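To keep things clear, I will list the structure first and then write my remarks on it.
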Amino acid sequence: MPTVSERVVLLPGDGIGPEVAEQARLALEVLAPEVALDERLIGAAAIRATGSPLPQETIDACLSAVAVLKGPVGDPEFEAAEVRPEQGLLALRAALDTYANLRPAVLGEVDVLIVRELVGGLYFGARGVRDDGTVFDTCEYHPRQVERLARWGFRLAESRRGLLTSVDKANVLETSRMWRRVVDEIAPEFPEVQVEHMLVDNAAMQLATTPQQFDVIVTENMFGDILSDLAAAVTGGLGMAPSASLSDGGPGLFEPVHGSAPDIAGRGVANPVAMLRSTALLLEHGLARTEEAEALNRAIEAAIVSSPTIDLGGTASTSDFGAAVREQLAVDGVASSSYGGS
Ligand code: NAD
Ligand code: IPM
Ligand code: MN
């Protein structure tokens with residue numbers, strides 16, 4: 001039996017999820033052959049098999065693993081259903097308390113890291129229907145939730161170019177005014193970091209027009225959801241954007257920014273870069289294997305040039321791309337040098 005520290009849970013998910021997850025599995029088998037991949041159900045696949053989008057077995061397996069690698073969830077069949085695939089994802093993030101969601105977007109002179117609060121705000125506030133038929137969702141934050149997320153932003157900015165942009169809607173929202181106050185209160189602890197506040201509508205415009213101005217962005221859950229798709233779009237597309245969701249000491253959750261892409265699912269043409277880059281983030285943050293993470297990122301870069309997928313203007317299939325990554329890893333000799341060729 002592998003020990004806990006050697007077990008990674010793999011959640012393939014729905015739509016293109018299993019297609020891109022397969023390439024991540026094959027890459028991990030080369031880069032970290034001693035790590036046991038424990039495949040479990042989430043999302044629509046889990047609803048069909050068990051009635052629940054996040055079966056208790058999946059939660060237990062994730063809580064006791066060293067890290068979780070997840071494909072996207074979501075299926076048009078359940079869009080209007082009472083029990084939906086996305087509920088499984090939100091429940092998993094909450095169960096793992098992975099509040100710090102790192103979404104890097106890098107291309108050329110653009111290098112922005114969005115740090116999205118992931119277990120609070122509009123996604124987790126009170127919701128319901130009033131007697132008169134009004135439907136409501138509420139954005140709620142405790143200052144402690146903002147503080148722990150902001151500290152991630154400051155620490156990351158300190159280790160990078162030293163600029164932290166806190167994005168909010170303080171001209172309208174109470175939660176945003178508290179957010180600003182908390183960020184300003186922490187700022188003196190990080191004298192090397194320059195802090196600026198930006199309203200979210202302007203931030204969207206600035207990201208679209210001059211994304212190179214940003215270093216680290218910290219923001220509320222839903223603002224971060226929307227801005228990270230935009231950041232992906234200006235740095236190569238949704239097929240390229242990975243994420244790492246981290247907690248205080250528990251297993252991290254690594255998944256692409258993109259969804260299950262029902263419009264292209266089942267055809268073997270999805271771009272696996274976002275999933276493979278998420279695997280590199282897992283190697284770095286989840287398994288502390290920095291060398292293997294760097295090797296995987298180098299191999300992905302090479303494959304983007306040699307075997308681009310359709311969304312990148314090429315003709316490679318999902319599995320062609322994965323094969324090109326593994327060929328490059330073999331050329332690089334990383335797997336054999338680190339593990340004695342075993
Ligand atoms: P989407 O991200 O699935 O797709 C948006 C567009 O980008 C589509 O045209 C799609 O074909 C394209 N695309 C996305 N990933 C791609 C890839 N790897 N390669 C090539 N093209 C890619 O967004 P959507 O259509 O709004 O959502 C579909 C489903 O995914 C919904 O059920 C949604 O809830 C779910 N979703 C899940 C996650 C997650 O699990 N983390 C994230 C986002 C959306
Ligand atoms: C993401 C997705 C999820 C989110 C959905 C599927 C719940 O869009 O990871 O960006 O909004 O967080
Ligand atoms: Mn999203």
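Order of listing sets the numbers, starting from 1, for every ligand and every atom in it. All figures in this text were calculated on a predicted structure; none of them were measured in a lab.
For atom 44 (C) of ligand 1, the nearest protein heavy atom (residue, atom name, distance) is G259 CA, 3.2 Å. Looking only at heavy atoms of the protein, atom 6 (C) of ligand 2 is closest to E86 CG, 3.7 Å.
Shown in contact with V257 at under 4.0 Å from a heavy atom are these atoms of ligand 1, numbered in order with element: 42 (C), 43 (C). Those atoms of ligand 2 with a heavy atom of Y123 less than 4.0 angstrom away are 4 (C), 11 (O), 12 (O).
Minimum-distance N/O/S atom of D225 relative to the Mn ion (ligand 3): OD1.
By the 4.0 Å heavy-atom criterion, R93 is counted among the residues contacting ligand 2. Using a 4.0 Å heavy-atom cutoff, Q87 is absent from the residues neighbouring ligand 2.
By the 3.5 Å distance cut-off applied to N or O atoms, A261 is counted among the residues near ligand 1. At a 3.5 angstrom cut-off on N or O pairs, V73 counts as close to ligand 1. Residue-to-ligand polar distances keep D311 apart from ligand 1: every N/O pair is separated by 3.5 Å or more. Residue E255 has no N or O atom closer than 3.5 Å to an N or O atom of ligand 2. Considering backbone and side-chain atoms alike, R103 places an N or O below 3.5 Å from some N or O of ligand 2.
Only the side chain of P262 comes within 4.0 Å of ligand 1, judged by heavy-atom distances. For L89, every heavy-atom contact with ligand 1 shorter than 4.0 Å involves the side chain, none the backbone. Contacts between I264 and ligand 1 below 4.0 angstrom, taking non-hydrogen atoms only, involve the side chain exclusively. No part of K70 comes within 4.0 Å of ligand 2, judged by heavy-atom distances.
Side-chain atoms of T165 and E196 form a donor-acceptor pair, as typed in the model, at a separation below 3.5 Å.
Closer than 4.0 Å to atom 18 (N) of ligand 1 lies at least one heavy atom of the protein. Taking a distance limit of 4.0 Å, we find that atom 27 (O) of ligand 1 is approached by no protein heavy atom. Distance check for atom 3 (O) of ligand 1: a protein heavy atom is found below 4.0 Å.
Between the Mn ion (ligand 3) and D229 there is no N/O/S contact shorter than 2.8 Å.
The closest non-hydrogen atom to atom 33 (C) of ligand 1, taken over E255, E86, E77, comes from E86.
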